[in-house]
Amino acid sequence: MSPYTLQWGIIATGNISGQFARDLLVDPSSREVSDVTHQITAVGSRSVESAQRFIDGLKNPGEGDSWEWGSKNGKLDQVRAHGSYDGVYNDPNVDAIYVGTPHNLHYKNTKDALLAGKHVLCEKPFTIDIDELEDLVAIAREKNLFLMEAVWTRFHPIAYAVEEVLKSGKLGKPKRFAADFSMEYDLDSKPDSNQFVDPALGGGSLLDMGPYPSVWAMLLVHRNPHNQDQNPKVVSSYQSIYPRSGVDLSSRWIVKWEGLCHGQLVTDLTNSGLRENTAALQCEEGDLIIEYPPQKPETFHIMPRPDRYLASVKEKTTHHHPVHQGNHGMSYEADEVARCIRDGKIESDRMPLEESKVVQRWFDSVRKNGISSTKDMKGSAGQ
């Protein structure tokens, strides 16, 4: 049987859209996939010229680039450059749209795509607040369209390997959790228009970096077989504020899964993260430690609990699960979108919309207790 081909439209031509497009052009067999494949049929930008430059870059890979496979195998033969996003929304040769625009535009762009009858994969953070997300979900369900937040880490090989450890039950019941995404980023040296500096772009650490400690909270605790609380809430939070623009330099929040455990999550632009511990789940029988970086880790460790009073310390085991060679890592989520649309699903079982809502509510709570207002971000969405 021939593989199912999903025809993609891409809006915005920045770095993240470029990486997603290149991953679509990597040979699926390089990641052991044979049932789905991808075709780029439309690119939208502010002008036809910029969209065409983006396409030309895809058609001219460097020597040895893994994505040259797509350009040589017809995956760009039907691509069309549009001088507006509307051109992509209304292109009859587009099945699904990848939204890679700035955070504050995700809601508008995703809504416009859905209203045009297109399936959507939207970059994280999905939206600025829960009201926007609820509206998108309602539209997608009413129009029977697929919608998913592009949390690529959930589909990496390491995520599946960790899931199998938790399903085995050998670690026992979770007792506590911590996750951290920190990096030194000198905001003082950046212009006011920088994505981390400008509040109108959803700047600061929380919205941009928060999805990554959150993905491990969801995978290790929320989806843990021992968890029964499907709406865990933030019980405490703190933000340090960057005086120049009012965005958060760092955010810290504690989430409680009723009847199970608490988790502490951190985003920080003032210091680098711990290299060997970006997320840690401590359970009755041992600890599961994810190595840095949280967005694309390759290694985790299992550390059995020592016998009482350290009479006998059991050795840890190390497990290495990198993404497949030649794949940056975004191709896995694209494969999920293709399979779901092929099978008539309007959301992913592995990245369900309700779990995006859980995380969005966390962000809303942290921001309400910290910088509190979203009006600057939402006010510029139509500009």
Side-chain angles (χ1 to χ4, degrees), residues 2-44 54-55 57-58 61 65-71 73-79 88 91 93-101 106 109-110 113-114 118-124 126 140 145-160 211 215 295-296 322-353 356:
S2 299
Y4 172 80
T5 299
L6 184 63
Q7 298 184 133
W8 286 92
I10 295 175
I11 62 168
T13 53
N15 290 337
I16 194 165
S17 293
Q19 187 58 70
F20 181 78
R22 290 189 292 273
D23 264 18
L24 291 180
L25 300 176
V26 174
D27 183 356
S29 67
S30 68
R31 55 186 181 273
E32 303 176 61
V33 169
S34 60
D35 61 324
V36 294
T37 188
H38 307 277
Q39 184 111 12
I40 300 175
T41 53
V43 173
F54 182 89
I55 294 168
L58 297 175
D65 284 333
S66 59
W67 43 277
E68 68 177 347
W69 177 89
S71 63
N73 285 272
K75 300 305 179 182
L76 291 167
D77 287 357
Q78 301 175 40
V79 65
V88 180
D91 192 315
N93 293 318
V94 169
D95 300 319
I97 290 176
Y98 171 76
V99 175
T101 52
H106 287 180
N109 298 151
T110 299
L114 291 170
K118 305 300 187 185
H119 306 291
V120 178
L121 174 66
C122 177
E123 263 306 330
K124 62 208 155 313
F126 223 147
L145 292 168
F146 179 85
L147 177 64
M148 190 178 89
E149 186 177 15
V151 185
W152 63 322
T153 314
R154 282 207 182 205
F155 302 95
H156 289 177
I158 191 173
Y160 290 92
V215 70
Q295 72 273 29
K296 191 181 173 182
V323 299
H324 291 81
Q325 187 173 2
N327 293 264
H328 178 68
M330 302 177 86
S331 45
Y332 301 98
E333 63 183 355
D335 293 341
E336 173 72 2
V337 176
R339 292 185 181 110
C340 287
I341 293 173
R342 176 197 65 190
D343 297 341
K345 296 181 178 181
I346 61 171
E347 64 180 298
S348 164
D349 293 334
R350 188 165 184 81
M351 186 64 240
L353 296 169
S356 288

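- The shortest non-hydrogen separation linking Leu353 to Glu347 is N-OE1, 2.9 Å.
- For Asp343, the CG atom counts as densely surrounded, since its 6.0 Å shell holds more than 12 non-hydrogen atoms of other residues, nucleotides or ligands.
- In this structure, Trp67 has its ring center at least 6.0 angstrom away from the ring center of His328.
- How far CD of Glu336 is from CE of Met351: 10.5 Å, rounded to the nearest 0.5 Å.
- A donor-acceptor pair under 3.5 Å is absent between the side-chain atoms of Arg339 and the main chain of Val36, judged by distance alone.
- Salt bridge Asp95/Lys118: absent, no basic N to carboxylate O contact under 4.0 Å.
- Residues forming a salt bridge (Lys or Arg N to Asp or Glu O under 4.0 Å) with Asp335 (at least two apart in sequence, or on another chain): Arg31.
- Ring pair Tyr332/His156: centre-to-centre distance below 6.0 Å.
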Take Ser30 and Asn327 through the side chain to side chain donor-acceptor pair (under 3.5 Å) test and state the conclusion after the steps. CA-CA 8 Å; Ser30 68; Asn327 293 264; 3.0 Å; yes
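- Note on ring orientation: taking the six-membered ring where Trp is involved, the planes of Phe20 and Tyr98 are parallel (angle under 30°, cut-offs 30° and 60°).
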Using side chain to side chain donor-acceptor pair (under 3.5 Å), reason through Gln39 and Thr5 one step at a time and then give a plain yes or no. CA-CA 7 Å; Gln39 184 111 12; Thr5 299; 5.7 Å; no
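- A salt bridge is defined here as a Lys NZ or Arg NE, NH1 or NH2 lying under 4.0 Å from an Asp or Glu carboxylate O, and Arg22 with Asp65 fails to meet this definition.
- For the atom pair NZ of Lys345 and CZ of Phe146, the computed distance is 9.0 Å after rounding to the nearest 0.5 Å.
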